[in-house]
Each structure stands twice: as C-alpha cells, then as structure tokens.
Amino acid sequence: MGLMTARKITDLTWRVGGPQGGGIETAATLFAQALARGGWWVSARREYHSNIMGRHSYLDVRAARRPTKAFFEQVDLLAALDAETLARHLGQIKAGGVLVYDPAAAKLPLSKLAMLDGAAYRRISAQLGGGDPPVERAVERYRQDGAVLLPLALTQLAREVGQALGVDAITAKRTLNTVAVAASLALLGYPSQPLVEAVGAQFVKKPKLAELNRKVAAEVYRRVEPLADRRLEPVGDGGERLYLNGSHASAMGKVAAGLGFMSYYPITPATDEPFYLEAHPEAEVVVVQVEDELAAVNMAIGASMAGARAALTTSGPGFALMTEALGFAGITETPLLISLYQRGGPSTGLPTRTEQGDLRFALGAGHGDYPRAVLGSASVEESFYDAALALNLSQRFQLPVVHMMDKYLASTTRTLEPFEADKIKPEPGLRAEGATGVFPRFSLASEGGVSPRLPVGAAGAGYWITSDEHDEVGHITEDPELREAMMEKRAAKIEALREWLGPEEMYRVYNPEAGTLVLGWGSSQGVALEAMEGLDMGYLQARFLLPFPEIGDLLAEKKLVVLDYSQSGQFARLLTQETGNKPDHLIVKYNGRPMTIEEVRAAFEAVLAGTAPKYLVLRAGV
Amino acid sequence: MGLMTARKITDLTWRVGGPQGGGIETAATLFAQALARGGWWVSARREYHSNIMGRHSYLDVRAARRPTKAFFEQVDLLAALDAETLARHLGQIKAGGVLVYDPAAAKLPLSKLAMLDGAAYRRISAQLGGGDPPVERAVERYRQDGAVLLPLALTQLAREVGQALGVDAITAKRTLNTVAVAASLALLGYPSQPLVEAVGAQFVKKPKLAELNRKVAAEVYRRVEPLADRRLEPVGDGGERLYLNGSHASAMGKVAAGLGFMSYYPITPATDEPFYLEAHPEAEVVVVQVEDELAAVNMAIGASMAGARAALTTSGPGFALMTEALGFAGITETPLLISLYQRGGPSTGLPTRTEQGDLRFALGAGHGDYPRAVLGSASVEESFYDAALALNLSQRFQLPVVHMMDKYLASTTRTLEPFEADKIKPEPGLRAEGATGVFPRFSLASEGGVSPRLPVGAAGAGYWITSDEHDEVGHITEDPELREAMMEKRAAKIEALREWLGPEEMYRVYNPEAGTLVLGWGSSQGVALEAMEGLDMGYLQARFLLPFPEIGDLLAEKKLVVLDYSQSGQFARLLTQETGNKPDHLIVKYNGRPMTIEEVRAAFEAVLAGTAPKYLVLRAGV
Amino acid sequence: MELKLADYKSEMAPDWCPGCGDYGILSALQTALYKMKIEPSRAVLVSGIGCSAKTIHYAASYGIHTLHGRGLPVAQGVKLANPKLTVVAMAGDGDGMGIGAGHFVGIGRRNLDMLYLIFNNEVYGMTKGQASPTLELGAQPKSLARPNIQAKVNPLMLAFAAGFTFIARGYAYDVKNLARLMQTGLEHRGLAMIDILQPCPTYNNLHTREWFAPRVYDVGAEGYDPRAPREMGDAERAERMARFTQKATEWGERIPTGVFWQAELPTFEERLGGFLPRYPQEAPATRGVGGEAKRVAALMKGHRVA
Amino acid sequence: MELKLADYKSEMAPDWCPGCGDYGILSALQTALYKMKIEPSRAVLVSGIGCSAKTIHYAASYGIHTLHGRGLPVAQGVKLANPKLTVVAMAGDGDGMGIGAGHFVGIGRRNLDMLYLIFNNEVYGMTKGQASPTLELGAQPKSLARPNIQAKVNPLMLAFAAGFTFIARGYAYDVKNLARLMQTGLEHRGLAMIDILQPCPTYNNLHTREWFAPRVYDVGAEGYDPRAPREMGDAERAERMARFTQKATEWGERIPTGVFWQAELPTFEERLGGFLPRYPQEAPATRGVGGEAKRVAALMKGHRVA
Ligand SMILES: Cc1ncc(C[n+]2csc(CCOP(=O)(O)OP(=O)(O)O)c2C)c(N)n1
Ligand SMILES: Cc1ncc(C[n+]2csc(CCOP(=O)(O)OP(=O)(O)O)c2C)c(N)n1
Ligand code: SF4
Ligand code: SF4
Ligand SMILES: [Mg+2]
Ligand SMILES: [Mg+2]
C-alpha cells in the first residue's frame, strides 16, 4: 500500500470520528501520547455536538517535528469508528491518505444513521448522487478522491481480542478505541512501546483496564503490522514536556499568580478550569459551585474585597449575567478576573463550537463608564502567561479584567515545554499597612487612579464600599464635583495600565515590513502565522483589546486585512474605532469550526493576487 | 423693587428648592400649570437625591413665549423652602433676579443642615469665607451677586393663613408649596385665576384640600401682590396643549402602536412608564410586576412569541440583567422593545441623575452577532413618536429594539401640542395565515431576513423555538452550512431595516452648511440647538445608533464637535468606528446634571474662537 | 379528525442517552395531552436548557426551548398573552432549582393556570454530571471530584413555601402513573408542579432504577388526602400542613409519589380580569389591531392643560 | 480599650424618613455587636440596594453596599475568603425575597456561619412603595394603583424549605428584643435568618406601629421550643416541623416573634476544611504570598508526557 511513502513524514494529521460518549477522546489521547513519547510535537483538537451520548464527534491529532500552531483541513489518516463518520468526512482525506474503517458499518443506508440531522443528510445524499445511498457509496467516493481504503473489522477485532483475553462483550467493545489507535499506529509503522506506555498512563487508576487495553494493542499490532509499508519513527523522547489544553494552562497561570478563590456555575466550555482546580487540592484554591452566574461573580467580588485573589470563568450566556457585577467591581475598584471562554453565539447558539463573537460584548459590558482591561490569548502557552498577567493586572490596578479565551483553546491539547512558574510573582498591589480608624479606601490622592488597599476585616480600621458614587471613605455622594473627581480618578487607571504594560505586552507583530498586514487577536493568530509562511505578509496580534495598543503608525500605507471569528468582524470595527483605519479585506468565519490552514492560505493568496473580495467568509469544517 | 423691570418677559426661569418629600414637585406643577393656562410654553426639570425624604431637591420651571428645548443655569426667581436650598444655590440667580426665602431658615449655621453632605459643606463653607457660617451669610452673598432679596416668613405665613381658615398646624404646613407658588406668581404680577384653576386640577380628588389651598393662595396674593412692580401677562390660553413628561409620552407612543403587554421590575427612572400604564386601565395593557429583570424580559419575550406586542422599560442595572435574553430574542427573531432609561453610571452610580453612558453597552449587549436596532430620543415629543416607531420596527423586522431614553427626559415635563396618535398604525408584521402542520417559522426563503410569523398556539400548526442555532422549523442544528445560512439570514435584517427607515428617520441635521458641525444623539440635542442659536454651527442628531446612519459625506472638511453625556465620549468612538472620522473636539458632561444653555454656549464659542481644548468637560450643576 | 397518540410526536429522534429517564417523561406528557384531547397546536411546551430541555423538540406542539433557568418567565408570558392555551413548563433540577429558583418563588405567588415539571436527576446532565441542587449532602456520583458539599433542596417543600396550589411527585420509569399525575396537574385550576424522579444512568450511579424501584410508592394508595379546602380553621390548617410536611420530607427507605397538596385559590388570570375587564376575552395576543388611537386619546385627556 | 456602644456608630446621619423602622434595626444591630464585644473592624456588614441597604453606612465597621439582590453572594465571598470575620448580610424584602430569592435558596444549602437580616416592610421603599414579595394578596397600601395581585411569600417558610438552621422573626420597634435575637443569631453556629417586621410609615399605611403593637408577641414567652436536635425519629421530626409550620404561618390577630427553628449541621466552612486541610488557618484572604510556583509544579506533574 502506498501510504505516504513518497515523502518523509514531518507533519501528520490523524483523525478519529465516532459517536459522542464512545471514547474517541481516549483514542486521541492515546494516539497523541504515543507520539509525544516518541518526541513528536503533538496537538489535538476536538469537535463535538452539544450532546452527552450518540451524536457525531471527532478529534484531529497533528504530530510534527516542530511545534505547530494550527490544524489542516485534510488529514493523512481517518479512523472511522462508525458509519456516520464515513458519511460526514467526505473530501477530508488527502490524496494518498488512508481511510481505516469497518466494512460492516458501511452497509447501512444513510437514512439509518439516527443522529444525522436533516441538513447533513440532504447534503451528503446529494453529494453521493441523491436518494438514500448506502454508506458504502461514501467509501467509494473516498477512494475516487484518492484515499487508500483500509477496511478492518474493528468491532469484530475488538470482540475477538476480548474473547481471546476472556473479557465479556461489553468490556471488549470499550477497547474499540485502543483498537483504532493501535491499528493506525501499526499501519504507520510506529513502534508499539510508546503506545503501551500511553495506555498505562491513561488507565493508571484502573490496572485491570490497563492490562486489557495493553493486550488489545499488542494483538492489533500483531495483526496489522504486516500491512504497514513504512516506519513512522520516534524522533526523540517527550522529555520534560507537558501535554495539556488551554483550560489547564489558564488554571495554572492563575495559581502561579496566587489565585485563592474561584466560584463557578457550570457552563461549556468554561468550567473545565474550576473542575480541574476542584479536583486538585494541591492547587490550594477554594472552589465553590454556586446557584448561578450572578452568585458566582458576586461571590468572587466579595472574596476579593476581603483580600483573596479571586477569579472566575464563564462563557457568553454566563458572562451576560455578570455584566451588572462587572460595573460593581469597576466602581468599587475591586480586583476581579473573568476568563471568558467564547463559543458560538448568539444566545445558546453553538455551545460546543468556537467563535470570537463576544469581543464587542466584553468591551462594552456594563452600563456607564468605568475602567477595565480586556486581553485575549492566542495559544495554550499564552493562556498560562496571560492568565497570570491578567490576575496580576487586576490586583495592581484594582479593576476587573476580562481574559478572552475560546472553545478552540479550551479543547485543544498540545505538548509544550514546562511553564516557567517561578518567573511569575503574585502582584501584591498597593496595600495600606497598619491603618487605623476610618480608612480612605478611595483616596483621591492617588497615582494612576490606584489608592492603597486594605481588605475588609483588617483589624483596627473600617470603611465602606458602595455601588453608588461615593466619597473617599466609601459613603454615597451625589455631589457633582466629587462625582467628577471619582470618575476621573478611576479613568486614570487605563493610561497607567497602558504605560505599565508597555507596547511589547500589548501587541505582537510578525514580519512588519511586509506590504500586507493581517490583523487579528486570539485564536486566529496561529492559523494566520502558519498560513502566511513564505508569503509577503505580516501579522499583528492585538493582545490587549482594552486599552487598545497604539499601532496607528504600523498601519500606514499597508494593505490591511482583518482575520476574525465573527460574522460582523467585530475586531475590524474595533480597529476602525481606535485607529480610524478600515481594513481592505475582512476575512471571517462563523460556522463554529476552527479555521484551517488551507482555507486561510487560499484567502491570503487571493488577497495578494488582488482577487479577494472585501468581505470573505471561510466555510470549511465538518 | 427692580424685579426684571427692564425687559419684557419672554423667557422666565423659576426655581423652587426644598427637602425631598416636602412637596416641591407639587409646587412646580402648580407654577407650571398656572403659566400653561395663561398660554405660556412651560417645561419643568427635576433634580433630586436617591432618597425618599429629607435630602435636597429642586425643580426649575421655564416659561417662554415659544416652545423651548433646554434649561438655563441661572434663574430669575429662586424660591427657597429651606436653609439648605439657600446654601446650595449660590451663584444661581441672575443679576436682577429675586430670592424668595424665609428669614427664619437663614438663622441656622451651615453645620446644622443635617442633609448637607461633607463635600458640599466644605465647598460652601469655603465660598462663604470658611468656618461654620450662618446661612444668612449665603443670603448676603446672593445680594452681593445682584439678586433682589425677598424675605417672606413663608412658614409663618402658611401657619397664619391656616389658622385663619381653621385648619390644624400640620395641614397648614402642607400648604407651604402653595404659599411659595402664590408668593412667586403674585410677585411677578401674574393674575391669580390660573393658579386657582391649577390648584383645583391638582387636588381634583381631594376637594377639601383644594379648597384650603385655594384660600391659601388667595390670602398670599392679598399680602404679596402689593410688592409686585410689574405684570407677567397671560399670553393666550393653554388650548389643547398637553403637559407631560418623557415617560408619559413613551408610554403613549407604545399604546399608539398597539402595546398589549408590559412586564417590569421597579427601577428609577424607568418604571414611571409601567406604573402609569398600570394606573390607567384605559390603555388596555397587561402590566405585570415581576420578581426581577430576568423575569421581566423573558416574560415579555414569551408574550411576544404568543403574538402580543410586548415592551418593557428599565435602566442600566436592570438592562445588565437583560442582555442574555436580548440575544435570545435575537436568535429567535422575536419582536421585543426595551426602553432603556439611562441614569448616572457605572453600577448603581447616581440613580436619580442623568447621563448617556449606556450607549456602548446597548450597542454591544449580548454575546455573539445578532441583529438589533438602537435608537435614541431627544425630546419629550420624540419620545412619543420614537416609542411607536420602535415598537413597530420590532414587529416588522422581528428583532429586539432598544429605545434609549434617560433620566432627564423621564423627569422633564413640558407643554406640547397633542400627539397625532391616529397617524400611527400598529405594524402588522409579516404574518402567515392559515398555516397547518409543521410550520417553517425560520424559513430561509425570506426577504430582508424576515420570515412570515405565526404566533405560538396558532390552531392547526406547530413549530419550535430554541436559543440554540436551529433549522427552519426551529430544531437545534450544528450543521455548519445551515448555521451560516441562518446567521446570514438574520444579519440581512439590518440592511433591510436601514432601507425601510430611510435617511430622514435615521438622522436629522440642522444648519448643515455651517463649517462646524456638532454631532450628538438623544438629550444633548435640545441644549445644543438652543446654545448655537446665532452661531455658525450645525447640529447632526443621530437618531439611530444601530444601524448607524450614513453620514460620512456630511462630515467632509468640517470641524467636528461631539457633545455627549459620558466621560469617555461613547458617541465619539461610535462615530469613528462607523465613519473613520475623529472629532476635533469632544465636549462631555458626567456629573449627572443636565447641560445648561450657558455652558454649552460658552463651549461652542470657544470652539469657534479656536480656544477650546480637544477634550472639554462641562461642570455646571447643583 | 380523531387525535392519535402519534400526533403528539415530532419527527425528531431524541438524542438522550440510552435508558435516560427523560424518555419516560416525554412519553407520559404525550399520553396526558392525548388523553385530555388537547390539540397539539393548542399546547405550548416551554423548557430551559439541559438534557431535559430537549424534550420540547420531540413533541409535536409549539415548543419553546429558552435560556437556562428562564423557562418559567417565558411560559408565563405565553400564558398571560393568550390565557386559552395549555402551557406546560419544564426544567431540569439545575435549571429549575438552581439558576431558576428565583422564578420558582416568584411564580408561586401568582397561581397561573399552568403545569410545571421538574426533571429531578440530582445532577447537571448536560454539563457532565456536576451536583445539582437536589443532590444530597455528601453524595458522590461518578463525575464529582469530591463528595457533594452542599445540602439538597426539596422541590416539594420549596413549592409549598412559594405558594404552589398543586404539588406532586412522579417517577420517570412509571410512565402510566406519571401520565395520570400530569393529567391531574393539567386539570387543576392553578399552578401545578410535579417533581419527577428521573434516573440519569450516565452520571447518577447512585439513584438508579434498581435503587428507586423498591422504594417508590403511591401516597394516594395509602389513603393520603392532599386536598386543602379554601376555608380552614387554624387547627385544621396546621394539621394539613404537618401532614404535608411529613410526606414531603420522607426520603430513604420509602419514597412517596403522588399528589401531596392541592389547594383552591383564584388564578392570576382571574385576578387580572378584575383590573382589565376585557381580559381574557381580548387577551393581548388575540385581540388584533384597532382602537389604539382611542386609547391614546383617553390617556391624553388626563394631561390636558385646561 | 473598652468598647463603647458609640464605637459602633459612624459619622453619617441616616436619611431615612422620620419614624422608619430601619432606625430600630440599626440600633439593635449595633447593640448586639457591642454586647458581644465584636470589634467593629472584625465585622463586615453587607447589604443590597434599598432604603434598608443604607444601614451599613451608619454603622462603624466594614460595610459593603452591593447590588440589588446580591448581598448574599458578596457576603459569602467575604466569609469564605476570611472565615474568622463576623459577617452580617441584610436585605429589604424586595431585595431578599424578590430579586435575591435565588440566592436565598442557594445559601440555604450551604449553612455558612452568617447572620442574615430581612427588613420586611412589605413594600419597595426606595422605589416609592410598590408591592414587595411579602405584601398580602389584595392589600393596597397608598402607593399602589390597584390592590396587590400577587400573594405574599413567607420568609420563615422559605428559609425552612431552603435549609436555614436558625430561623427567627423580630420587630423593628422592639429594639431590645431584636438586639437579643440578633445576638442569638450571631451566636448560632451556622446560617441564621431573622425576618424583621419593619414599619415604613411613608408607604405602608396598612401595617403601622398601631397595627403591629397589639399583635406581636414572643413565642419563647409562650413556651415554644425551637430546637431541632441533630438526631430525630420520623415522628419527632414530623412533630417539630408541624409545630414550626404552625407558628411560622400564624398571622393576623396574633403575630409571633422570636426563634422558630434552630438545628445543628456542620457549617460550610467545616465541610470545606475536609477537602482543603489548610483552610481555614490559611484562608485565601489571609494566607499571604508564597508557594505559588510549588503549587504549579504539583499541577504540572500530572501533565508530564513521560
Ligand atoms: C446562563 C447559563 N449558564 C450555564 C449554562 C450551562 N448549562 C447548560 S445545561 C446546564 C445544567 C443542566 O442541568 P439540569 O438543569 O439539571 O438539566 P439536566 O441536563 O440534568 O436535564 C448548564 C449549567 C447555560 N446554558 N446558561
Ligand atoms: C437590578 C436592579 N433592579 C432594580 C433596582 C431598583 N431598586 C432599588 S431599591 C429597590 C427595591 C427596594 O425594596 P426593598 O428591597 O424592599 O428595600 P426597601 O427600600 O423597602 O428597604 C429597587 C427595585 C436596582 N437598583 N437594581
Ligand atoms: S446525561 Fe443523564 S439526563 Fe442527560 S441524556 Fe444522558 S442519561 Fe439523560
Ligand atoms: S420609604 Fe419607608 S423604608 Fe424607606 S426610609 Fe422611608 S419609611 Fe423607611
Ligand atoms: Mg438535572
Ligand atoms: Mg422593602
């Protein structure tokens, strides 16, 4: 078989698809860990429906000899664990790539796929010539498109191996994932040892399962290895590297900056962070699940007023319930960090898909004018350092900070060098020591709008805090002059913060000499950088959205392109608002799927060729 | 006495100040109504603390021979019902104006004014030479500043008259307001008959009180009339004119457009509207007070889904709790009207003071992209027509509409010609008739993003509504293509709406030929227009903020000035975002008090003279 | 045309986990509506967000799948705008007793003529099995990293405190009795709530079919009378409430189901009719266009200067 | 230095209406803290928004005047961050039973060691006298355009359903007993709530001093015992609850005050300590900086590829 023989493998994408709840995440972890242990830089992204069991889900694992930043649309190897995967991923295998599937699943007619929704059914049926085609016709189409077919009776294989090992049918079926991974790795000629180790790590708390899966893997290797015609080699060892996702990184970043308190209300994809901290008492964070997001945010504010470093995570719907409290933190100058994990909006929208559509909301959230900072992370690694920075900022400037994350970051897992946690110091903030009596918590004699803090409950002193406009000790005032002074004091934080950060923290620019500059923020960075390799293009990543970096000079006389995960191009509007510049091209995506390197590359080439429209929608994605 | 003898009275401002809850609103109503009945165009604005009883409050009544749009800082006559009023309004009487006060009140030292907050105390004490000056020193200062002093033992007068009429002391004290009004009008030489009528109207349901107050008025006239040295003449009669405020106008506008349902949670200054409708069953509106704003907005959405024309009112804190539902209305294409009565923010802020600081929030409220419209009214009259338009827009385009109002509009009462309610037709919207079976409520075969509607519960049919992304009948979908189509469908409403409105509805421009153009929206319009009379300046009122009017061409080669009630100049940022233009001057106010004609005039003159800074803060106000 | 049970089913296939209690609830609801011959198009089903909330998609009616915790306000809006409709609101225990608890208390004060179903699986199913407000203190179903640190709230007691006039409990796997209970709730003139014990085989490995089966019993079968007449002496009232409280808090070896409380009180719609005589004949959703200018004229009259 | 009652008073003069019940509540609270010798600076008073919410400005302590309905979550955050503080949350009836009702239910499940005061004046004072959730159905105090269309909710019953372990009622004009009640509530280990009958002479012309005076009485004086021991048989539990329910719902000619319910349950802080052994000695607000890199290293360990 001609599996990728022509070129040395430097970059490989493996996809596994199957029903939600069927364990394909485990499959992806095993595959990724096996390669990571062999020194490959791996990353895995996950697509799934808002459903607990049964609907279609898939993961892509990319392995490369160098760290990567994004994913391709087309895969080298697709392991289809069910018929629906076969139907849905038409056109997704590279020419010369491999389709591993179970021929038994391919017998079904399309209409028998219970979880295939109407729109997908109609589209696939049309692609396959109409009517109610059997899924086999899809397999045939993959073949026509240049994929190598590798029919393997996966389910039967799992059963047989299970039987051989003396386990019952249900348990045996649970090893299907290991079967798929082992078959794929064996096909690629990758040694089995790293997989065996990965299995051990995966089932470390369930030795029996570990044993079973190891044996399954060995047996599959025995059967499939002969089919491999090339060797995917380990390129080293995993070394000290970590394998984690944006949620983990963000949680760790906060811990590094001294996080003490986190209240939460469950919501996808934001609560992986508190769950993670809750499950790890070694983080020493008081984590409290509460009755709703109103409670979550106000409880964190209370904890912060008492002197704890407090943060919380949420996504759009929950953030919507927090906007009143955001202004409360603003007027009371209370440090508060909210990580906003964006997902497909509006409203409940696409709860498990990615988007950057909450930017405008975050920037304007809360009535009236008050200082806040908004920053966005572009990668798992940045998530760590930014979370720490964000928490520190909130402490130093005594204001609410919104740290923009998204579903893509939350559910993208990658290998990384360990974080340099010891380089991060919890920002002490300006504290008043030994104050007694009535304390001017909101003193106007402040620099950069920051008055010394004393937590509530500090012995011997006292003051008030109110959501109303107030005087220096925190009593309500409606005096026009005092009001003006307080507004001006609070507003001063923004420029002080800008100065403290410096331009390096506020934005990053790549290849600034190029005549065409792509601008964006957050998750669109990685794919832009990979897509523009070798092109005469630069990229500017706005790390801070508020305050907005002073980038006007960099834009002069360039062709400007904005790349954004939102239909209206929210970042483009912000750019115009802040600099007066309107982009020449706005490239957006809003179908909830991550941008692929191929489609972004094509769009960039069209821009350079002068054939791109002003508004261009990226539509790739399964 | 030299009271305003030099010029014919064409424009008069009367101010009455006293403790909250002491009835000064009644005083202002009587004064205003007495003049309105004499054919004067009157308007009254109200300043008060967030307090039920005791804190300082005052009202200005302006009467003119033509309709007016704003208020002056300096008054012709100040009727001070207590010592605190004397202390607070230093410098507020025009040279030659009159101070009516009770010399008994002036005996107190400043420190004895229990409700004078620290900031005001310190400022006034300093103005009066420091220490703890008696209020008499303030009176003396008024005199030095050119005011005519008219000491009247007001309280004693009320008591004496009461005694003469045989009523008890407490009841007599309640007539203090009538005493002050009658004394002022008598001083001005205005005939007593209109006041007698106004008293009758005011106490129409309490004939005994009416009788008492009429007698009080007559007695005061008898005593004070001899002091008058000129006649303020009636200039006609009130005719058909109405006397009402922005809340009333807005409520009526909605009724004109067919309002059927309003849910509310009390909040200042937004709930005067539902209270008014609740108290007037002839409006035929189902008004329901609910447990919070989350309930209010979602209940209105439910009513709208069932086919009722539904609206609600709130102010910043309540609006913050409604943003999640706003996106819900957006994705479900449910007509919904929210009137957002802005007040001083952020957070609880200055609950009874005015501001335009919620614009940015309204524009960005809700995560994700969805269509909505935002418009702002500039006057009591516009409030009526805009409320009707806004409700109709929500019906026609099946989307949420935010109608921006503010505290100033809500509590400014003026005489107006009756509304032409019969010119307003409730917009029927696109309705499906006689549908049966499963109904494609979200049909993609739509024009301008508007699919025919069928309310839930329509006999014989059925469909679903979900806050998730959905297909044409309302079932959840995560299909990327269907998602894109639905996003595009909804987004199409915005341009359709823009076209339907036409530029005339979207903005108004006054004196566009001038070389300097002031831009603003909402309540800053009236004061801008009065302040620029006779200057080479134009004014552009953005009536719609979203979609934003296409005004780029009007801005070319002009000096641009933005006038805005927000510290950050939220409208200026919007202007740049939408047009790329940055204003040359940003004139803002954020102390919670309305802009005065004098200060805006001075700012405009400075702009024309080239002496104005880029950022100019207006600071007038008591 | 004779209505068939099938007419209450939509084309949509449920995507709940195999064995989920939600199947039984859906089926009971369809049966109850069918038995009562309520035209599918005259019923509006309203849910929040969660596994439970998907129910509305699987029934042929008007279905509104709202926001997390906001089903009740939306349902009330529908009912008040068009009081002739049959409105059934439903919520998961997280949706209804957690984020939606404020609305639960709020509606209790109103006694709208509506049915409210709580899908009580003791977990947040949709977000992967965290503790819901009805999970016992110290319990640790498989998704929890540590035993539940919060005590549970009892929907029956809360409904009582809030003022619901019909309070019941059903069991999702006992479809027949559950359907009957729903029918009684729908027939009740006023606000009816049914707390439905709903096994979640995926995340709640503590309270499973096997756990429930020997425990649930019918209070009615044991002679319990839920009725609380409009007029009661102090002693009688105290006795009724005590009886209710005893049953409502019984949990463990025996778990009562059935109707626990049924009281008479004018509905909110009736009260509203007292202020607006043309309601509900001319309810806001059905009255059509016309008469607006007259209404405005009536309002303006009160503002005439003279 | 000996603390004096005056040390609990701030410089700020109240701006409540003359005769407002809030004066009595403020004074009782100051007395209770004084009697217990709680240093003003070790007490944090937390309120929502409303006339009642202004209370915190008039006491010398740390006072947090939060958002409407959000006092409880903020108070819990303070307490959890620094469990050694004395935390008193307070709310108007609208604030606490209306917009804040969800948090009321939520905190009931937690049994934090806190005191919660409800200022029950049956109206929304601050927004000019609309009906609050505790106003009776059909009542029409002077600011209402029409009789109240919603039934009232009973804070005592709701607290019971939510799980509060100390439930009491006081009367604002009876400062002495109210102070004593607050002291008992503060001494209670767990979540204590006092529903305080608070006349609002400005807007509530129905339930005035004259109306209350002949009606209020002390349940304790009549031998009522609120204690519910940790271990109870079913019959005993039923009897205790019945007794509670009877007293809690008594209203009209006689209005009981005093402690209605007092139960024992581990506090939330104690439960938390079970997961985090260094809490509360090293509570988040007081533990200071240090050890962060070690914590991160411990977390990273779980993610090492090999
Ligand atoms: C405002 C908001 N917060 C959180 C969520 C996330 N969320 C979706 S479903 C759910 C909980 C569902 O639990 P429950 O109500 O018990 O229903 P079940 O899934 O168990 O049927 C949550 C927290 C959301 N959609 N919206
Ligand atoms: C989110 C929000 N909604 C509404 C308000 C307006 N508001 C201020 S105080 C208040 C009610 C106060 O009533 P209550 O809680 O009973 O306190 P009281 O004034 O009677 O002491 C309301 C509705 C607000 N500040 N914030
Ligand atoms: S997670 Fe539980 S509640 Fe949700 S569908 Fe699965 S079994 Fe049902
Ligand atoms: S309105 Fe009522 S509650 Fe508010 S201060 Fe006045 S008397 Fe007290
Ligand atoms: Mg649940
Ligand atoms: Mg109240």
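Below, all heavy atoms of this structure are taken into account, side chains as well, without hydrogens, waters or symmetry copies.
Of all the listed residues (D:Met300, D:Glu292, D:Arg295, D:His57), the one sharing the greatest number of non-hydrogen pairs under 4.5 Å with chain A is D:His57. Between chain A and the residues D:Gly63, D:Gly291, D:Ser61, the largest count of heavy-atom pairs under 4.5 Å involves D:Gly63. With chain A as partner, the option from D:Lys84, D:Glu39, D:Arg278 having the largest number of non-hydrogen pairs under 4.5 angstrom is D:Arg278. Your options are D:Ala53, D:Ala60, D:Ala59, D:Gly100, and the one with the most heavy-atom pairs under 4.5 Å with chain A is D:Ala59.
Between D:Leu72 atom CG and D:Tyr116 atom OH the span is 4.0 Å, to the nearest 0.5 Å. A distance of 12.0 Å separates CG in D:Asn121 from CE in D:Met126, rounded to the nearest 0.5 Å.
Nearest heavy atoms, A:Val288 versus A:Val286: CG2-CG1, 3.9 Å. Contact record, A:Val380 with A:Ala249: O-CB, 3.3 Å, taken as the closest heavy-atom pair. Residues D:Leu115 and D:Met182 come closest through the heavy atom pair CD2-O, 4.0 Å. Looking at every heavy atom in both residues, A:Ala458 comes nearest to D:Ser41 through O-CB, 3.6 Å.
Between A:His248 and D:His303, the ring planes lie tilted relative to each other; the angle falls in the 30° to 60° range. Note: D:Trp16 and D:Tyr23 have perpendicular aromatic rings, judged against thresholds of 30 and 60 degrees for the angle between ring planes.
If you measure heavy-atom distances from D:Ala283 to chain A, you find no contacts under 4.5 Å at all. Within the 4.5 angstrom heavy-atom criterion, only side-chain atoms of A:Thr415, from C-beta onward, approach chain D. A:Ala296 does not touch chain D: none of its heavy atoms, backbone or side chain, sits under 4.5 Å away. Of the two parts of A:Val285, only the backbone, made up of N, CA, C and O, holds a non-hydrogen atom closer than 4.5 Å to a non-hydrogen atom of chain D. Using a 4.5 Å cut-off between heavy atoms, A:Met305 contacts chain D through its side chain alone, with no backbone atom that close. In this structure, no portion of A:Leu35 lies under 4.5 Å from any heavy atom of chain D. Using a 4.5 Å cut-off between heavy atoms, A:Asp292 contacts chain D through its side chain alone, with no backbone atom that close. Heavy atoms closer than 4.5 Å to chain D are found nowhere in A:Phe439, neither backbone nor side chain. Heavy-atom distances place no part of A:Glu427 under 4.5 Å from chain D, backbone and side chain included. Within the 4.5 angstrom heavy-atom criterion, only backbone atoms of A:Pro455 (N, CA, C, O) approach chain D. In this structure, chain A has heavy atoms under 4.5 Å from both the backbone and the side chain of D:Thr66. Neither the backbone nor the side chain of D:Arg109 has a heavy atom closer than 4.5 Å to any heavy atom of chain A. Proximity to chain D (any heavy atom under 4.5 Å) is shown, for A:Ala300, by neither the backbone nor the side chain.
Using a 4.0 Å cut-off between charged nitrogen and carboxylate oxygen, A:Glu273 and A:Lys254 count as a salt-bridge pair. A salt bridge does not link A:Arg37 to A:Asp237: none of the charged nitrogens lies less than 4.0 Å from a carboxylate oxygen.
In terms of modelled atom types and a separation under 3.5 Å, the side chain of D:Thr55 and the main chain of D:Ser52 share a donor-acceptor contact.
Among residues two or more places apart in sequence or in another chain, the ring-ring contact (aromatic ring centres under 6.0 Å, His included) test is passed with D:His68 by B:Tyr265.
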Which donor-acceptor pairs under 3.5 Å do side chains of residues 255-262 of chain A form with protein atoms, sequence neighbours excluded?
none

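Near-neighbour residues of residues 265-277 of chain D relative to chain A, defined by a heavy atom under 4.5 Å from a heavy atom of that chain, comprise D:Phe268, D:Leu272, D:Phe275, D:Leu276. Among the residues in residues 467-479 of chain A, those with a non-hydrogen atom closer than 4.5 angstrom to a non-hydrogen atom of chain D are A:Ser467, A:Asp468, A:Gly474, A:His475, A:Ile476.
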